[in-house]
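In what follows, chains carry the letters A, B, and so on, assigned in the order in which the sequence lines appear, proteins first and then strands, with residues in each chain numbered from 1. Atom set for the values below is all heavy atoms of this structure, side chains included, hydrogens, waters and symmetry mates excluded.
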Amino acid sequence: MCHRLKLRVSSADLQRLQDRWRGRDTIAATLAEPSSPQLAGFVDLGSPIDRYYRKRKALGRLEIGRGAGSGSGKLLWVAPGMAGVVAVAAESLAGGRARAARTVLDQVVLPGEELLLPEQEDAEGPGGTGERPLRLNAGVRARVRVVCGPGLRRCGDRLLVTKCGRLRYKEPGGGGGGVYWVDSQQKRYVPVKGDHVIGIVTAKSGDIFKVDVGGSEPASLSYLAFEGATKRNRPNVQVGDLIYGQFVVANKDMEPEMVCIDSCGRANGMGVIGQDGLLFKVTLGLIRKLLAPDCEILQEVGKLYPLEIVFGMNGRIWVKAKTIQQTLILANILEACEHMTADQRKQIFSRLAES
Amino acid sequence: MEGVMQTDAKMRTESGAESSPRGPGCSLRHFACEQNLLSRPDGSASFLQGVAEKSREQLIRNTCEAVVLGALHPRTSITVVLQVVSDAGSLLACCLNAACMALVDAGMPMRALFCGVTCALDAEGTLVLDPTAKQEKEARAILTFALDSVERKLLMSTTKGLYSDAELQQCLAAAQAASQHVFRFYRESLQRRYSKS
(Lines give C-alpha, C1' and ligand atoms only; values in the text may rest on other atoms or scores of the structure.)
Protein backbone atom coordinates (compact mmCIF):
# COMPACT_ATOMS: atom_id res chain seq x y z
CA MET A 1 0.00 0.00 0.00
CA CYS A 2 1.46 3.28 -1.02
CA HIS A 3 0.72 6.30 1.17
CA ARG A 4 1.37 9.71 -0.22
CA LEU A 5 1.41 13.14 1.31
CA LYS A 6 -0.85 15.99 0.56
CA LEU A 7 1.46 18.94 0.89
CA ARG A 8 -0.21 22.30 0.80
CA VAL A 9 2.20 25.06 -0.16
CA SER A 10 0.81 28.51 0.45
CA SER A 11 0.94 31.06 -2.32
CA ALA A 12 3.50 33.12 -0.41
CA ASP A 13 5.75 30.08 -0.05
CA LEU A 14 5.26 29.18 -3.66
CA GLN A 15 6.27 32.67 -4.69
CA ARG A 16 9.31 32.55 -2.47
CA LEU A 17 10.39 29.18 -3.74
CA GLN A 18 9.91 30.21 -7.33
CA ASP A 19 11.92 33.35 -6.76
CA ARG A 20 14.68 31.32 -5.27
CA TRP A 21 14.86 28.98 -8.18
CA ARG A 22 14.25 31.79 -10.60
CA GLY A 23 11.39 30.12 -12.41
CA ARG A 24 13.44 27.09 -13.38
CA ASP A 25 11.48 24.89 -11.09
CA THR A 26 7.85 24.81 -10.39
CA ILE A 27 6.65 23.23 -7.23
CA ALA A 28 3.73 21.06 -7.98
CA ALA A 29 1.11 22.37 -5.65
CA THR A 30 -1.50 20.03 -6.95
CA LEU A 31 -3.96 18.95 -4.39
CA ALA A 32 -5.37 15.80 -5.78
CA GLU A 33 -8.33 14.26 -4.12
CA PRO A 34 -7.47 10.89 -2.64
CA SER A 35 -8.78 8.10 -4.78
CA SER A 36 -8.97 5.67 -1.91
CA PRO A 37 -9.74 6.25 1.76
CA GLN A 38 -6.27 5.11 2.73
CA LEU A 39 -4.52 7.77 0.67
CA ALA A 40 -4.19 11.28 2.02
CA GLY A 41 -3.53 12.79 -1.37
CA PHE A 42 -0.28 13.22 -3.20
CA VAL A 43 2.17 15.73 -4.46
CA ASP A 44 4.36 14.87 -7.36
CA LEU A 45 7.84 16.20 -6.86
CA GLY A 46 8.76 15.92 -10.51
CA SER A 47 10.33 13.18 -12.50
CA PRO A 48 13.92 14.29 -13.13
CA ILE A 49 16.12 13.38 -10.20
CA ASP A 50 17.95 16.70 -9.98
CA ARG A 51 14.70 18.59 -9.79
CA TYR A 52 13.69 16.30 -7.00
CA TYR A 53 16.80 17.07 -5.03
CA ARG A 54 16.38 20.80 -5.44
CA LYS A 55 12.76 20.67 -4.45
CA ARG A 56 13.57 18.51 -1.50
CA LYS A 57 16.06 21.12 -0.32
CA ALA A 58 13.59 23.88 -0.89
CA LEU A 59 10.94 22.11 1.11
CA GLY A 60 13.18 21.84 4.11
CA ARG A 61 14.47 18.28 3.77
CA LEU A 62 11.51 16.33 4.96
CA GLU A 63 12.08 12.64 5.23
CA ILE A 64 11.35 10.99 1.96
CA GLY A 65 10.76 7.37 1.31
CA ARG A 66 10.86 5.56 -1.96
CA GLY A 67 7.62 3.89 -2.91
CA ALA A 68 7.25 0.74 -4.89
CA GLY A 69 6.72 1.60 -8.52
CA SER A 70 7.01 5.30 -8.01
CA GLY A 71 9.50 5.60 -10.83
CA SER A 72 12.30 8.10 -10.68
CA GLY A 73 10.54 10.49 -8.39
CA LYS A 74 10.31 10.12 -4.65
CA LEU A 75 7.28 10.73 -2.58
CA LEU A 76 6.68 11.78 0.96
CA TRP A 77 5.09 9.28 3.27
CA VAL A 78 2.65 10.18 5.90
CA ALA A 79 -0.25 8.54 7.63
CA PRO A 80 -3.80 9.36 6.62
CA GLY A 81 -4.93 12.36 8.55
CA MET A 82 -1.40 13.59 9.10
CA ALA A 83 -1.26 15.77 6.04
CA GLY A 84 -2.21 19.05 7.62
CA VAL A 85 0.26 18.67 10.45
CA VAL A 86 3.12 17.71 8.20
CA ALA A 87 2.33 20.62 5.93
CA VAL A 88 2.66 22.91 8.92
CA ALA A 89 5.94 21.24 9.77
CA ALA A 90 7.19 21.65 6.24
CA GLU A 91 6.34 25.29 6.17
CA SER A 92 7.95 25.97 9.46
CA LEU A 93 11.07 24.09 8.44
CA ALA A 94 11.28 25.82 5.10
CA GLY A 95 10.52 29.16 6.70
CA GLY A 96 14.12 29.78 7.67
CA ARG A 97 15.31 29.12 11.17
CA ALA A 98 17.95 31.76 11.62
CA ARG A 99 16.62 34.98 13.06
CA ALA A 100 18.35 38.30 13.42
CA ALA A 101 19.91 38.65 16.86
CA ARG A 102 18.41 42.10 17.24
CA THR A 103 14.87 40.79 17.03
CA VAL A 104 15.36 38.22 19.77
CA LEU A 105 16.94 40.44 22.43
CA ASP A 106 15.66 39.78 25.96
CA GLN A 107 13.67 36.78 24.78
CA VAL A 108 14.18 33.18 25.76
CA VAL A 109 16.33 31.35 23.23
CA LEU A 110 16.77 27.58 23.07
CA PRO A 111 19.85 25.51 22.21
CA GLY A 112 20.14 24.91 18.51
CA GLU A 113 18.82 28.25 17.34
CA GLU A 114 20.92 30.27 14.95
CA LEU A 115 21.17 34.03 15.11
CA LEU A 116 22.17 36.38 12.36
CA LEU A 117 24.50 39.22 13.18
CA PRO A 118 23.68 42.69 11.97
CA GLU A 119 25.93 43.63 9.13
CA GLN A 120 27.28 47.10 9.13
CA GLU A 121 27.94 48.98 5.99
CA ASP A 122 30.64 51.51 5.56
CA ALA A 123 29.75 55.14 5.77
CA GLU A 124 28.47 56.77 2.62
CA GLY A 125 31.18 57.78 0.16
CA PRO A 126 31.77 61.28 -1.03
CA GLY A 127 29.49 60.64 -3.99
CA GLY A 128 26.43 61.43 -1.96
CA THR A 129 23.13 59.68 -1.77
CA GLY A 130 22.97 56.06 -2.78
CA GLU A 131 26.55 55.65 -3.96
CA ARG A 132 28.84 53.26 -2.23
CA PRO A 133 32.60 53.46 -2.30
CA LEU A 134 34.30 51.04 -4.68
CA ARG A 135 35.71 47.95 -3.10
CA LEU A 136 38.36 45.62 -4.42
CA ASN A 137 36.47 42.53 -3.35
CA ALA A 138 32.91 43.29 -4.17
CA GLY A 139 30.35 41.42 -2.17
CA VAL A 140 32.21 41.38 1.12
CA ARG A 141 30.73 43.94 3.46
CA ALA A 142 32.78 45.31 6.28
CA ARG A 143 31.45 43.72 9.43
CA VAL A 144 31.88 45.05 12.92
CA ARG A 145 33.45 42.59 15.32
CA VAL A 146 30.91 41.28 17.76
CA VAL A 147 32.02 39.49 20.91
CA CYS A 148 30.37 36.13 21.45
CA GLY A 149 29.74 35.67 25.18
CA PRO A 150 28.67 32.74 27.35
CA GLY A 151 26.00 30.52 25.89
CA LEU A 152 26.84 31.34 22.26
CA ARG A 153 29.23 29.85 19.77
CA ARG A 154 30.33 31.01 16.37
CA CYS A 155 29.10 28.87 13.53
CA GLY A 156 30.17 30.24 10.17
CA ASP A 157 29.07 33.83 10.20
CA ARG A 158 26.20 33.14 12.58
CA LEU A 159 25.86 32.61 16.29
CA LEU A 160 24.66 29.24 17.53
CA VAL A 161 22.84 29.24 20.86
CA THR A 162 24.11 26.47 23.14
CA LYS A 163 22.32 27.28 26.41
CA CYS A 164 18.76 28.16 27.24
CA GLY A 165 18.21 31.65 28.58
CA ARG A 166 17.52 35.25 27.72
CA LEU A 167 19.59 36.82 24.98
CA ARG A 168 21.31 40.03 26.11
CA TYR A 169 23.32 42.65 24.31
CA LYS A 170 25.67 45.33 25.56
CA GLU A 171 26.46 48.37 23.51
CA PRO A 172 30.09 48.82 22.64
CA GLY A 173 31.94 51.37 24.72
CA GLY A 174 34.68 52.18 22.22
CA GLY A 175 35.07 50.49 18.86
CA GLY A 176 33.85 47.00 18.16
CA GLY A 177 30.35 45.68 17.84
CA GLY A 178 29.31 44.99 21.38
CA VAL A 179 28.78 41.75 23.27
CA TYR A 180 26.00 39.20 22.91
CA TRP A 181 25.44 36.62 25.61
CA VAL A 182 22.80 34.32 27.04
CA ASP A 183 21.63 34.92 30.63
CA SER A 184 20.96 31.42 31.85
CA GLN A 185 20.04 30.05 35.27
CA GLN A 186 22.52 27.47 36.29
CA LYS A 187 23.87 26.02 39.51
CA ARG A 188 27.10 24.48 38.30
CA TYR A 189 30.12 26.76 38.05
CA VAL A 190 32.70 26.48 35.28
CA PRO A 191 35.96 28.36 36.04
CA VAL A 192 36.48 31.47 33.95
CA LYS A 193 39.64 33.56 33.90
CA GLY A 194 39.34 36.75 35.92
CA ASP A 195 36.39 35.62 38.05
CA HIS A 196 36.58 36.28 41.78
CA VAL A 197 35.54 33.18 43.69
CA ILE A 198 35.35 31.81 47.21
CA GLY A 199 37.22 28.55 47.59
CA ILE A 200 37.74 26.08 50.41
CA VAL A 201 41.29 24.83 51.01
CA THR A 202 41.22 21.04 50.82
CA ALA A 203 44.87 20.08 50.75
CA LYS A 204 48.29 21.54 51.31
CA SER A 205 51.07 19.89 49.36
CA GLY A 206 54.49 21.49 49.36
CA ASP A 207 54.19 24.93 47.83
CA ILE A 208 50.66 24.62 46.53
CA PHE A 209 47.24 24.68 48.16
CA LYS A 210 44.43 22.75 46.52
CA VAL A 211 41.27 24.82 46.67
CA ASP A 212 37.78 23.52 45.94
CA VAL A 213 35.92 26.11 43.87
CA GLY A 214 32.92 24.05 42.80
CA GLY A 215 34.24 23.19 39.35
CA SER A 216 35.22 19.82 37.99
CA GLU A 217 38.72 19.97 39.44
CA PRO A 218 40.26 21.77 42.41
CA ALA A 219 42.19 24.93 41.65
CA SER A 220 45.80 25.34 42.68
CA LEU A 221 46.96 28.32 44.72
CA SER A 222 50.62 29.01 45.27
CA TYR A 223 51.67 30.14 48.72
CA LEU A 224 53.54 33.07 47.16
CA ALA A 225 50.33 34.45 45.66
CA PHE A 226 49.42 36.40 48.78
CA GLU A 227 50.25 39.97 49.60
CA GLY A 228 53.56 40.26 51.37
CA ALA A 229 54.34 36.55 51.11
CA THR A 230 57.92 35.47 50.63
CA LYS A 231 59.71 32.17 50.94
CA ARG A 232 60.48 32.92 54.59
CA ASN A 233 57.20 34.67 55.38
CA ARG A 234 54.56 32.09 54.56
CA PRO A 235 50.88 32.96 54.75
CA ASN A 236 48.88 31.43 57.58
CA VAL A 237 46.52 29.18 55.61
CA GLN A 238 45.16 25.92 57.01
CA VAL A 239 43.08 23.17 55.45
CA GLY A 240 39.42 24.15 55.71
CA ASP A 241 40.01 27.89 55.44
CA LEU A 242 37.97 30.04 53.08
CA ILE A 243 39.89 31.89 50.40
CA TYR A 244 38.69 34.76 48.20
CA GLY A 245 40.77 34.96 45.07
CA GLN A 246 40.66 35.28 41.31
CA PHE A 247 41.58 32.95 38.48
CA VAL A 248 44.66 33.61 36.41
CA VAL A 249 44.41 30.40 34.41
CA ALA A 250 41.03 28.87 33.70
CA ASN A 251 40.31 26.94 30.54
CA LYS A 252 38.99 23.55 29.67
CA ASP A 253 42.39 22.02 28.99
CA MET A 254 44.32 22.92 32.12
CA GLU A 255 43.88 22.78 35.85
CA PRO A 256 42.61 26.15 37.07
CA GLU A 257 45.04 28.35 38.99
CA MET A 258 44.07 31.15 41.31
CA VAL A 259 45.86 33.91 43.15
CA CYS A 260 45.02 36.25 46.01
CA ILE A 261 46.78 39.33 44.67
CA ASP A 262 45.98 41.55 41.74
CA SER A 263 48.36 42.47 38.96
CA CYS A 264 50.01 45.18 41.06
CA GLY A 265 50.79 42.82 43.92
CA ARG A 266 48.13 44.21 46.29
CA ALA A 267 45.54 42.08 48.04
CA ASN A 268 42.59 44.32 47.18
CA GLY A 269 40.23 42.46 49.47
CA MET A 270 41.40 39.00 48.49
CA GLY A 271 43.01 36.44 50.75
CA VAL A 272 41.89 34.33 53.66
CA ILE A 273 38.37 35.12 54.86
CA GLY A 274 38.15 35.59 58.61
CA GLN A 275 36.70 33.34 61.27
CA ASP A 276 32.99 32.81 61.93
CA GLY A 277 30.37 33.75 59.43
CA LEU A 278 28.35 31.41 57.25
CA LEU A 279 29.09 30.12 53.75
CA PHE A 280 26.15 29.04 51.64
CA LYS A 281 25.48 28.27 48.02
CA VAL A 282 23.08 29.97 45.61
CA THR A 283 22.59 29.86 41.87
CA LEU A 284 24.95 31.72 39.58
CA GLY A 285 22.15 33.89 38.24
CA LEU A 286 21.36 35.24 41.69
CA ILE A 287 24.98 36.24 42.27
CA ARG A 288 25.05 38.15 39.01
CA LYS A 289 21.79 39.83 39.93
CA LEU A 290 23.09 40.85 43.35
CA LEU A 291 26.34 42.16 41.91
CA ALA A 292 24.65 44.23 39.23
CA PRO A 293 25.32 47.93 39.77
CA ASP A 294 21.66 48.86 40.19
CA CYS A 295 20.69 46.19 42.70
CA GLU A 296 18.66 47.47 45.63
CA ILE A 297 18.71 44.23 47.59
CA LEU A 298 22.17 44.84 48.98
CA GLN A 299 21.38 48.37 50.05
CA GLU A 300 18.25 47.23 51.84
CA VAL A 301 20.11 44.41 53.52
CA GLY A 302 22.80 46.82 54.62
CA LYS A 303 20.22 49.02 56.28
CA LEU A 304 18.91 46.09 58.30
CA TYR A 305 22.00 44.97 60.19
CA PRO A 306 25.69 45.82 59.98
CA LEU A 307 27.28 42.93 58.15
CA GLU A 308 30.27 41.68 56.20
CA ILE A 309 29.52 39.91 52.99
CA VAL A 310 31.64 38.31 50.27
CA PHE A 311 30.22 37.16 46.92
CA GLY A 312 31.97 34.49 44.90
CA MET A 313 31.10 34.13 41.24
CA ASN A 314 31.01 30.38 41.77
CA GLY A 315 27.69 30.70 43.57
CA ARG A 316 29.04 30.97 47.12
CA ILE A 317 28.23 33.76 49.55
CA TRP A 318 29.90 34.30 52.91
CA VAL A 319 28.00 36.39 55.41
CA LYS A 320 28.85 37.56 58.91
CA ALA A 321 26.76 39.67 61.24
CA LYS A 322 26.99 40.49 64.95
CA THR A 323 25.04 37.49 66.21
CA ILE A 324 24.42 34.03 64.82
CA GLN A 325 20.70 34.68 64.59
CA GLN A 326 21.20 37.75 62.42
CA THR A 327 23.62 35.82 60.23
CA LEU A 328 21.06 33.08 59.67
CA ILE A 329 18.32 35.58 58.90
CA LEU A 330 20.52 37.26 56.32
CA ALA A 331 21.43 33.94 54.75
CA ASN A 332 17.77 32.95 54.45
CA ILE A 333 16.83 36.28 52.93
CA LEU A 334 19.53 36.08 50.30
CA GLU A 335 18.62 32.53 49.38
CA ALA A 336 14.96 33.42 49.11
CA CYS A 337 15.64 36.55 47.04
CA GLU A 338 15.77 34.44 43.95
CA HIS A 339 12.13 33.49 44.06
CA MET A 340 10.61 36.59 45.60
CA THR A 341 9.27 39.57 43.77
CA ALA A 342 10.30 43.07 44.82
CA ASP A 343 7.09 43.64 46.80
CA GLN A 344 7.42 40.47 48.83
CA ARG A 345 10.99 41.41 49.60
CA LYS A 346 10.04 44.86 50.81
CA GLN A 347 7.39 43.35 53.04
CA ILE A 348 9.87 40.99 54.63
CA PHE A 349 12.43 43.72 55.15
CA SER A 350 9.94 46.04 56.77
CA ARG A 351 8.75 43.26 59.05
CA LEU A 352 12.30 42.49 60.09
CA ALA A 353 13.16 46.13 60.61
CA GLU A 354 10.29 46.48 63.07
CA SER A 355 11.20 43.48 65.17
CA MET B 1 4.35 23.66 36.37
CA GLU B 2 1.85 22.15 33.99
CA GLY B 3 1.77 22.31 30.26
CA VAL B 4 -1.32 20.89 28.70
CA MET B 5 -0.89 20.04 25.06
CA GLN B 6 -4.05 19.54 23.13
CA THR B 7 -3.68 18.84 19.46
CA ASP B 8 -5.93 20.35 16.86
CA ALA B 9 -9.45 19.13 17.28
CA LYS B 10 -9.76 18.36 13.61
CA MET B 11 -6.92 15.85 13.79
CA ARG B 12 -8.79 13.52 16.10
CA THR B 13 -11.19 11.13 14.51
CA GLU B 14 -14.29 10.38 16.51
CA SER B 15 -14.67 6.79 17.49
CA GLY B 16 -17.82 5.49 19.08
CA ALA B 17 -16.21 2.83 21.25
CA GLU B 18 -15.10 3.71 24.73
CA SER B 19 -11.66 2.18 24.41
CA SER B 20 -8.95 3.73 22.26
CA PRO B 21 -9.88 7.35 22.87
CA ARG B 22 -7.48 8.49 20.21
CA GLY B 23 -7.83 7.60 16.57
CA PRO B 24 -5.02 7.61 14.05
CA GLY B 25 -3.28 10.89 13.72
CA CYS B 26 -1.14 13.15 15.77
CA SER B 27 -2.53 13.18 19.23
CA LEU B 28 -0.31 13.13 22.27
CA ARG B 29 -1.27 12.77 25.87
CA HIS B 30 -1.13 15.36 28.55
CA PHE B 31 2.37 16.66 29.39
CA ALA B 32 3.64 18.18 32.56
CA CYS B 33 7.16 19.22 33.32
CA GLU B 34 8.88 20.58 36.37
CA GLN B 35 12.45 21.77 36.52
CA ASN B 36 15.01 22.41 39.19
CA LEU B 37 13.16 20.37 41.78
CA LEU B 38 16.14 18.71 43.45
CA SER B 39 18.49 20.99 45.31
CA ARG B 40 21.65 18.88 45.41
CA PRO B 41 22.31 18.00 41.79
CA ASP B 42 23.26 20.64 39.31
CA GLY B 43 20.13 20.28 37.28
CA SER B 44 16.97 18.25 37.52
CA ALA B 45 13.68 17.93 35.72
CA SER B 46 10.62 15.75 35.97
CA PHE B 47 8.61 14.94 32.89
CA LEU B 48 5.20 13.39 33.13
CA GLN B 49 3.83 11.82 29.97
CA GLY B 50 0.39 10.33 29.65
CA VAL B 51 1.36 6.79 30.65
CA ALA B 52 15.93 -4.29 28.77
CA GLU B 53 17.64 -1.85 31.21
CA LYS B 54 21.09 -1.77 29.82
CA SER B 55 19.98 -1.29 26.24
CA ARG B 56 17.72 1.56 27.23
CA GLU B 57 20.61 3.21 29.05
CA GLN B 58 22.76 2.76 25.99
CA LEU B 59 20.16 4.35 23.73
CA ILE B 60 19.70 7.35 25.98
CA ARG B 61 23.42 7.76 26.39
CA ASN B 62 24.05 7.71 22.66
CA THR B 63 21.38 10.29 22.07
CA CYS B 64 22.77 12.59 24.75
CA GLU B 65 26.31 12.19 23.45
CA ALA B 66 25.23 13.22 19.98
CA VAL B 67 23.76 16.45 21.22
CA VAL B 68 25.86 17.62 24.17
CA LEU B 69 29.00 19.61 23.32
CA GLY B 70 31.37 17.36 25.21
CA ALA B 71 34.43 19.03 23.74
CA LEU B 72 33.90 21.97 26.07
CA HIS B 73 34.31 19.73 29.14
CA PRO B 74 37.18 17.32 28.60
CA ARG B 75 38.16 14.86 31.31
CA THR B 76 34.80 15.19 33.00
CA SER B 77 31.92 12.79 33.25
CA ILE B 78 28.31 13.85 32.98
CA THR B 79 25.94 11.62 34.90
CA VAL B 80 22.25 11.55 34.08
CA VAL B 81 20.11 9.75 36.64
CA LEU B 82 16.61 8.82 35.51
CA GLN B 83 14.09 7.69 38.11
CA VAL B 84 10.91 6.04 36.83
CA VAL B 85 8.05 7.30 38.95
CA SER B 86 5.34 5.51 37.02
CA ASP B 87 5.20 3.77 33.66
CA ALA B 88 2.09 4.34 31.58
CA GLY B 89 3.50 3.46 28.17
CA SER B 90 6.06 5.22 25.96
CA LEU B 91 8.62 4.95 28.72
CA LEU B 92 11.69 5.40 26.57
CA ALA B 93 10.31 8.52 24.91
CA CYS B 94 9.47 9.97 28.31
CA CYS B 95 13.00 9.19 29.54
CA LEU B 96 14.49 10.97 26.54
CA ASN B 97 12.36 14.03 27.12
CA ALA B 98 13.27 14.12 30.79
CA ALA B 99 16.97 13.73 30.01
CA CYS B 100 16.84 16.62 27.56
CA MET B 101 15.08 18.91 30.02
CA ALA B 102 17.49 17.99 32.79
CA LEU B 103 20.50 18.75 30.60
CA VAL B 104 19.02 22.12 29.69
CA ASP B 105 18.29 22.85 33.34
CA ALA B 106 21.87 22.02 34.32
CA GLY B 107 23.19 24.50 31.77
CA MET B 108 25.05 21.94 29.67
CA PRO B 109 26.08 23.39 26.32
CA MET B 110 24.10 21.56 23.67
CA ARG B 111 23.95 21.89 19.92
CA ALA B 112 20.21 21.20 19.79
CA LEU B 113 17.34 19.92 21.87
CA PHE B 114 16.05 16.42 21.38
CA CYS B 115 12.81 14.63 22.07
CA GLY B 116 11.51 11.08 22.00
CA VAL B 117 8.35 9.93 20.23
CA THR B 118 6.88 6.42 20.29
CA CYS B 119 4.66 4.99 17.56
CA ALA B 120 2.69 1.79 17.77
CA LEU B 121 1.35 -0.15 14.79
CA ASP B 122 -1.58 -2.36 15.53
CA ALA B 123 -2.69 -5.46 13.62
CA GLU B 124 -4.59 -3.49 10.95
CA GLY B 125 -1.71 -1.13 10.32
CA THR B 126 -3.14 1.94 11.99
CA LEU B 127 -0.57 4.17 13.54
CA VAL B 128 -0.97 5.38 17.09
CA LEU B 129 1.42 7.96 18.53
CA ASP B 130 2.38 7.95 22.18
CA PRO B 131 0.66 4.66 22.99
CA THR B 132 -0.54 3.67 26.45
CA ALA B 133 0.74 0.51 28.06
CA LYS B 134 -2.33 -1.41 26.90
CA GLN B 135 -1.92 -0.21 23.32
CA GLU B 136 1.75 -1.15 23.43
CA LYS B 137 0.96 -4.66 24.51
CA GLU B 138 -1.59 -5.19 21.75
CA ALA B 139 0.55 -3.56 19.07
CA ARG B 140 2.19 -5.48 16.29
CA ALA B 141 5.20 -3.17 16.31
CA ILE B 142 6.49 -0.40 18.53
CA LEU B 143 8.93 2.16 17.16
CA THR B 144 10.65 4.82 19.26
CA PHE B 145 12.50 7.69 17.64
CA ALA B 146 14.70 10.43 19.05
CA LEU B 147 14.63 13.58 16.93
CA ASP B 148 16.64 16.75 17.19
CA SER B 149 15.14 20.19 17.23
CA VAL B 150 17.13 21.92 14.48
CA GLU B 151 16.10 19.94 11.41
CA ARG B 152 14.01 17.15 12.92
CA LYS B 153 16.80 14.76 12.07
CA LEU B 154 16.75 11.25 13.42
CA LEU B 155 19.19 10.76 16.30
CA MET B 156 18.18 7.33 17.51
CA SER B 157 15.60 4.75 16.63
CA THR B 158 14.69 1.53 18.32
CA THR B 159 11.99 -0.77 17.06
CA LYS B 160 10.34 -3.96 18.16
CA GLY B 161 7.98 -6.10 16.13
CA LEU B 162 6.97 -6.57 12.50
CA TYR B 163 6.57 -3.69 10.11
CA SER B 164 7.21 -2.95 6.47
CA ASP B 165 9.56 -0.42 4.96
CA ALA B 166 6.67 1.82 4.00
CA GLU B 167 5.27 1.70 7.51
CA LEU B 168 8.65 2.68 8.92
CA GLN B 169 8.71 5.79 6.76
CA GLN B 170 5.15 6.52 7.70
CA CYS B 171 5.92 6.29 11.41
CA LEU B 172 9.01 8.43 10.98
CA ALA B 173 7.07 11.17 9.26
CA ALA B 174 4.39 11.03 11.93
CA ALA B 175 7.01 11.21 14.66
CA GLN B 176 8.63 14.22 13.02
CA ALA B 177 5.32 16.02 12.98
CA ALA B 178 4.64 15.07 16.58
CA SER B 179 8.04 16.32 17.68
CA GLN B 180 6.83 19.76 16.64
CA HIS B 181 4.38 19.68 19.53
CA VAL B 182 6.98 18.46 21.98
CA PHE B 183 9.43 21.21 21.09
CA ARG B 184 6.72 23.80 21.34
CA PHE B 185 5.95 22.49 24.80
CA TYR B 186 9.63 22.70 25.73
CA ARG B 187 9.72 26.31 24.60
CA GLU B 188 6.62 27.26 26.56
CA SER B 189 7.85 25.46 29.64
CA LEU B 190 11.23 27.17 29.52
CA GLN B 191 9.70 30.54 28.82
CA ARG B 192 7.52 30.14 31.87
CA ARG B 193 10.55 29.33 33.95
CA TYR B 194 12.46 32.37 32.79
CA SER B 195 9.50 34.66 33.09
CA LYS B 196 9.60 34.30 36.86
CA SER B 197 12.99 35.94 37.22
For this session: Determine the option with the most heavy-atom pairs under 4.5 angstrom with chain B, choosing from A/H339, A/K281, A/K252, A/Q186.
Result: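 Ranked by contacts with chain B, first place is A/K252.
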Exercise. Based on non-hydrogen pairs under 4.5 Å, which of A/G165, A/S184, A/G285, A/C164 is most in contact with chain B?
Worked result: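 Heavy-atom pairs under 4.5 Å are most numerous for A/C164.
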Problem set entry | Heavy-atom contact with chain A under 4.5 Å, split by part of B/L72 |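 Both the backbone and the side chain of B/L72 come within 4.5 Å of chain A.
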For this session: Drop me the distance from B/S55's OG to B/I60's CD1, to the nearest 0.5 angstrom.
Result: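 It is 9.5 Å, given to the nearest 0.5 Å.
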For this session: Under the side chain to side chain donor-acceptor pair (under 3.5 Å) rule, collect the residues that match up with A/D106, sequence neighbours excluded.
Result: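 Only A/R168 meet the side chain to side chain donor-acceptor pair (under 3.5 Å) criterion with A/D106.
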Would you tabulate the side-chain donor-acceptor contacts of residues 100-116 of chain B under 3.5 Å, counting partners in other chains and residues two or more places apart, or write 'none'?
residue: B/D105; atom: OD1; partner: B/R193; partner atom: NH1; Å: 2.7
residue: B/D105; atom: OD1; partner: B/R193; partner atom: NH2; Å: 3.3
residue: B/D105; atom: OD2; partner: B/N36; partner atom: N; Å: 3.3
residue: B/D105; atom: OD2; partner: B/S44; partner atom: N; Å: 2.8
residue: B/R111; atom: NH1; partner: B/A66; partner atom: O; Å: 2.7

Exercise. For B/R40, what residues pass the salt bridge (Lys or Arg N to Asp or Glu O under 4.0 Å) criterion, not counting sequence neighbours?
Worked result: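 Per chain and number, B/R40 pairs via salt bridge (Lys or Arg N to Asp or Glu O under 4.0 Å) with no residue.
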Exercise. Any side-chain heavy atom of A/M313 within less than 4.5 Å of one from A/L284?
Worked result: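 Not in contact.
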Problem set entry | Short N-O contact, A/R345 and A/E296, less than 4.0 angstrom |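 Salt bridge flag = yes for A/E296 with A/R345.
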Problem set entry | Salt bridge flag under 4.0 Å for residues B/E167 and B/R140 |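 Between B/R140 and B/E167 there is a salt bridge, with a charged N closer than 4.0 Å to a carboxylate O.
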For this session: Answer yes if the side chains of B/D130 and B/S90 hold a donor-acceptor pair under 3.5 Å, and no otherwise.
Result: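 Side chains of B/D130 and B/S90: pair found under 3.5 Å.
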Exercise. Does any donor atom in the side chain of B/Y194 or A/D183 lie under 3.5 Å from an acceptor atom in the other side chain?
Worked result: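 Distance-only check fails for B/Y194 and A/D183.
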Measuring heavy-atom distances to chain B, does [X] have an atom under 4.5 Å in its side chain, in its backbone, in both, or in neither?
| X | answer |
| --- | --- |
| A/E217 | side chain |
| A/V161 | backbone |
| A/N251 | neither |

Problem set entry | Neighbours of chain A found in residues 75-84 of chain B - heavy atoms under 4.5 Å |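 B/R75, B/T76 fall under the 4.5 Å cut-off.
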